[in-house]
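Reviewing the structure listed below.
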Amino acid sequence: MGRLRCLLAAGFELGKKAKISMMSKELLFAGATVADITPPLEVGLLTSSVNGTYEPFASIRTPLYARVLVVKNSGEMIAVVCLDLLALNDTSVGGWDNFKSEIASAISADRVILTCTHTHNAPESVALSDLYLTDIYKDWLRNVQHKIKGAIDKAISLLKPCRVFIGLDTLAGYSMQRRIPTPGGVIMSDSIQPIAPELLEREPVDRRIHSIRFKDELNNVIATLVHAVCHPVHEMCMPHLSAEFPGELCFALEESEENGIALFLNGAAGDINPPTVSCGPDYAVKHGRAIAKVVENSDSEMIASLPFAFINRARKFSIRPGSNMTNGNDAMARLSAIRLGLVAILFLPGEPFTQIAYEIEQNSPFNQTIIVAYAENNIGYIPTALALQQGGYEVGPGKWSFLEAGAENILIAEALQLLKELYTN
């Protein structure tokens, strides 16, 4: 347990008002389930974000799922929904508030947190192409809403009293800082494969693997949340549907009854890739199973899951000229956070760089802050000020990177404000 405690981070505080709900200090309940959201092959694959093109899939390697965890205390509930999708945004779903309202039932829409694994072998679901305008895409999206709502209802029916356990370890060799400076400018690591060993050591890279297990009164695991930081691009541009390494991780954990329903939470991976890109399914399987092995072998300790609280807020950003964005609501950042005692899980939209997550974590008032990206509606890449100066794919401007300069400082301030209110109320 000593290694685990040494790895836990602490920080300090900041302040402003947000929407917060505190639950009374009673027993915590959890329930989890899975729903298949695999689309028809015609709901196709993004082939170029720059050119805005897509093509139909040729086959299904693995299904895509919505994995749902519901947590309840004193009659109030939240749901975390992890989707095997690239991302979703206001344009691609026909209005975020309307989309969310269709999945509400016993849990109101604002208490459902959607997050995507960011697999690149799922549909082009962020309106980088015109796929979102097709009838077959719209029919599939309505089915996704129906499946999410049904899965939330089922998870509610499975609620059991629970205790919460947290584990932390590291995994080397599967993630790297993908932005490589050269005399001609910044390039991405996938353009210089195989990767030289010294490039694997470049920072910043978050190689930690967090796991949170919810166990019932008989010590059976209801659900295992796994947090890791990396782009799922082992199968990128291959014309098959795949949940990629996050799916392989979940499949591996669910082979054992000791892990319950597995949910993957991707982190601030805006500048993080695996060393191998587009090398195929074997690499995705190896990566997912490596994370699963770390989770199963990690030390864990029971945490005080109370007080249990939920908070969210929204902040609209400005859009940079030249990015070809026409819907201002695609720049609406929605942040959410869950408190489990002295542990916070912070959900950020878009693709923040690793350094942004580190700054939030280091200044958080919680003993441990787990930062999840790709949550709620996508707002594109969130690069650092240095990255904006250096250039490269992630800074755009384009539909994949369109926020105003300085957006990272605003996001950090909003996140810290949220965490302070969660901690002090």
Using a distance-only test with no angle check, is there a side-chain donor-acceptor pair under 3.5 angstrom linking [X] and [Y]?
X    : Y    : value
H240 : E235 : yes
T91  : N89  : no
T119 : N121 : no

Taking the inter-plane angle between the rings of [X] and [Y] on a 0 to 90° scale, is it parallel (under 30°), tilted (30 to 60°) or perpendicular (over 60°)?
X    : Y    : result
H231 : Y381 : parallel
W96  : F99  : tilted
H234 : H287 : perpendicular

Other residues, nucleotides, ligands: >12 heavy atoms within 6.0 Å of [X] [atom1]:
X    : atom1 : result
E203 : CD    : yes
Y137 : OH    : yes
N297 : CG    : yes

Sub-3.5 Å donor-acceptor pair from the side chain of [X] to the main-chain atoms of [Y], do we have one?
X    : Y    : result
R334 : P349 : no
R111 : M77  : yes
E351 : G380 : no
T47  : T53  : yes
R339 : L422 : yes
S364 : I360 : no
E248 : K286 : no
K72  : F29  : no
S401 : V395 : yes
R208 : T170 : no

Between [atom1] on residue [X] and [atom2] on residue [Y], distance to nearest 0.5 Å:
X    : Y    : atom1 : atom2 : answer
D330 : K399 : CG    : NZ    : 9.0 Å
D97  : M332 : CG    : CE    : 8.0 Å
R313 : L418 : CZ    : CG    : 5.5 Å
E414 : L348 : CD    : CG    : 11.0 Å
I192 : T182 : CD1   : OG1   : 9.0 Å
I261 : E254 : CD1   : CD    : 5.0 Å

- Message: Quick one, F353 with I382, criterion side chain to side chain contact (heavy atoms under 4.5 Å, CB included). Give me CA distance, side-chain angles, the key distance, then yes/no.
- Response: CA-CA 6 Å; F353 278 27; I382 309 164; 6.0 Å; no
For the residue pair [X] and [Y], what are the closest heavy atoms and their distance?
X    : Y    : result
P123 : P39  : CG-CG, 3.5 Å
P181 : R202 : CD-NH2, 3.3 Å
I222 : G31  : CG2-CA, 3.9 Å
R179 : E394 : NH1-OE1, 2.7 Å
L131 : E42  : CD1-O, 4.0 Å
P383 : A387 : CB-CB, 3.9 Å

Quick one: does [X]'s side chain get under 4.5 Å of [Y]'s, heavy atoms only?
X    : Y    : value
L86  : H120 : yes
I338 : V71  : no
L41  : L241 : yes
F165 : V221 : no
Y423 : L342 : yes
I345 : H227 : no
N312 : I113 : no
E55  : L45  : no

- Message: By the definition side chain to side chain donor-acceptor pair (under 3.5 Å), identify the one residue from N327, N98, N377, N378 that meets it with D90.
- Response: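 Testing D90 for a side chain to side chain donor-acceptor pair (under 3.5 Å) against N327, N98, N377, N378 leaves exactly one candidate, N327.
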- Query: Can you tell which of F264, Y174, F251 makes a ring-ring contact (aromatic ring centres under 6.0 Å, His included) with F245?
  - Reply: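 Among F264, Y174, F251, the one that satisfies the ring-ring contact (aromatic ring centres under 6.0 Å, His included) with F245 is F264.
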- Query: Under the side-chain hydrogen bond (donor to acceptor under 3.5 Å, both in side chains) rule, what pairs show up with a residue in residues 258-275, not counting sequence neighbours?
  - Reply: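 For residues 258-275: Q177-D271, R178-N273, R213-N259, N259-E296, D271-T354.
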- Sequence-distant partners of K147, side chain to side chain donor-acceptor pair (under 3.5 Å), two or more places apart: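 Residues passing side chain to side chain donor-acceptor pair (under 3.5 Å) with K147: none at all.
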- Give the intermediate values and the outcome of side chain to side chain contact (heavy atoms under 4.5 Å, CB included) for residues L114 and I103. CA-CA 11 Å; L114 299 182; I103 64 176; 4.0 Å; yes
- Verdict with reasoning, V164 to I166, per side chain to side chain contact (heavy atoms under 4.5 Å, CB included): CA-CA 7 Å; V164 185; I166 191 163; 5.9 Å; no
- Message: For Q355 and T384: C-alpha separation, side-chain torsions, deciding distance, then whether side chain to side chain donor-acceptor pair (under 3.5 Å) applies.
- Response: CA-CA 8 Å; Q355 192 59 46; T384 61; over 6 Å; no
- Query: Would E102 and R142 satisfy salt bridge (Lys or Arg N to Asp or Glu O under 4.0 Å), going step by step from the backbone distance to the final call?
  - Reply: CA-CA 9 Å; E102 292 298 319; R142 282 190 288 270; over 6 Å; no
- Item | Stepwise side chain to side chain contact (heavy atoms under 4.5 Å, CB included) check, D130 with Y54 | CA-CA 8 Å; D130 62 1; Y54 76 93; 3.4 Å; yes
